[in-house]
Protein chains: 2
Amino acid sequence: MVEGYADRFDGVDPAKVLGALELMRAGSLLIRELEAYFASRGLSQLRFLTLILIDREPDRTSLTVGEIAERLDVSRPVVTRTMQGLEQAGLIAISANEDDARSKEVSLTRTGQSKLGEVLPGYFAILHRAMSAGEA
Amino acid sequence: MVEGYADRFDGVDPAKVLGALELMRAGSLLIRELEAYFASRGLSQLRFLTLILIDREPDRTSLTVGEIAERLDVSRPVVTRTMQGLEQAGLIAISANEDDARSKEVSLTRTGQSKLGEVLPGYFAILHRAMSAGEA
DNA sequence: CTCCATTAGTTAGCATGATAAATATATGGG
DNA sequence: CCCATATATTTATCATGCTAACTAATGGAG
């Protein structure tokens, strides 16, 4: 279908257009697969990535809402909402920042650490398989 | 960051994991860029793809809600909602199917055809540029 | 012919992304 | 010291995807 259109525009290479469409498709499918995996374990991609991020932070055991938003490249309100869910699930603890009362520190609970360890192997397995199988 | 984890799981190739992460990242960025482009023209990806789909259908000038859902791989309720918006915007017309009163035929209006022609070059330009520049 | 399972579409409600505006705290110039 | 501005987070609202449940129409078995 693309060729019929692409012919009509200068400087457009149908192969590249198809590549871009394939990229979006493959990316979306992988994201969808991961969301399903996480959902079956009471998580979501963003919840999971938050846990990893705090776990892997060198020299510290907590991050602020703003830091999480920046590093995961999502808006702060989304992080706020996600943290509320994670706290209710007992996977993180939220405490005051001693130096700045505006800020909050988010750290993993033991439960959060366990959950992370429990979910990681499957996560990498899905990523690994995705690149071994379908993708171009 | 990936290596530190991947080492701990058998059969996981960090390069493939990184490739999968890059795939998701590139796909998401491209989708985001297209959504921004369409939003600036009163469309969305799904609205645009619907217009294209009807326009390119051979031998017919309309499609049903179900056909659109199936071909674009989205759920029917999403198509219903999207068609309501497109109809209000005057880009499509919805009429009864003579043979089956449950079904509806969605066709492009002149305005819809113009809008499509107006937006297509920019669309292909974005796809083309995405594959020429950033992607691995 | 009638009844019931199936099909087309819609409505209701949830999740997750965004932006704009509200709230609370910090901080620097006068 | 006080106010204006800036920063950290939250609240409110919107967009767009989903599934489940509802309505209306179809069509085949008996």
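A note on names: the letters A, B, ... follow the listed sequences, proteins ahead of strands, and every chain is numbered from 1. Computed from heavy atoms alone, side chains included, the values below leave out hydrogens, waters and symmetry copies. Small disclaimer: the values here were computed from a predicted structure and weren't measured.
- A:N97 comes within 4.0 angstrom of no nucleic acid atom, judged by non-hydrogen atoms across all strands.
- Here A:E87 does not pair with A:K104 in a salt bridge; the nearest charged N to carboxylate O distance is not below 4.0 Å.
- If you check distances only, the side chain of B:R102 does reach the base of C:dT7 with a donor-acceptor pair under 3.5 Å.
- Residue side chain B:R81 reaches the base of D:dG17 through a donor-acceptor N/O pair under 3.5 Å, judged by distance alone.
- Using a 4.0 Å heavy-atom distance criterion, B:S75 is classed as a base contact.
- Axis angle, first five pairs versus last five pairs of the helix from C:dC1-D:dG30 to C:dG30-D:dC1: 10°, rounded to 10°.
- Nucleic acid contact class of A:Q84 (heavy atoms, under 4.0 Å, all strands): sugar-phosphate only.
- For the atom pair CZ (B:R41) and NZ (B:K115), the distance works out to 8.5 Å, reported to the nearest 0.5 Å.
- Base contact: B:V78 has a heavy atom under 4.0 Å from a base atom.
- Residues A:Q45 and B:R76 both approach DNA chain C. Their nearest nucleotides, taken by heavy-atom distance, put B:R76 toward the 5′ side.
- Ranked by how close their nearest DNA chain C nucleotide is to the 5' end, A:L43 and A:A101 are led by A:L43.
- The CG-C1' distance, from A:L72 to C:dT16, rounds to 14 Å in whole Å.
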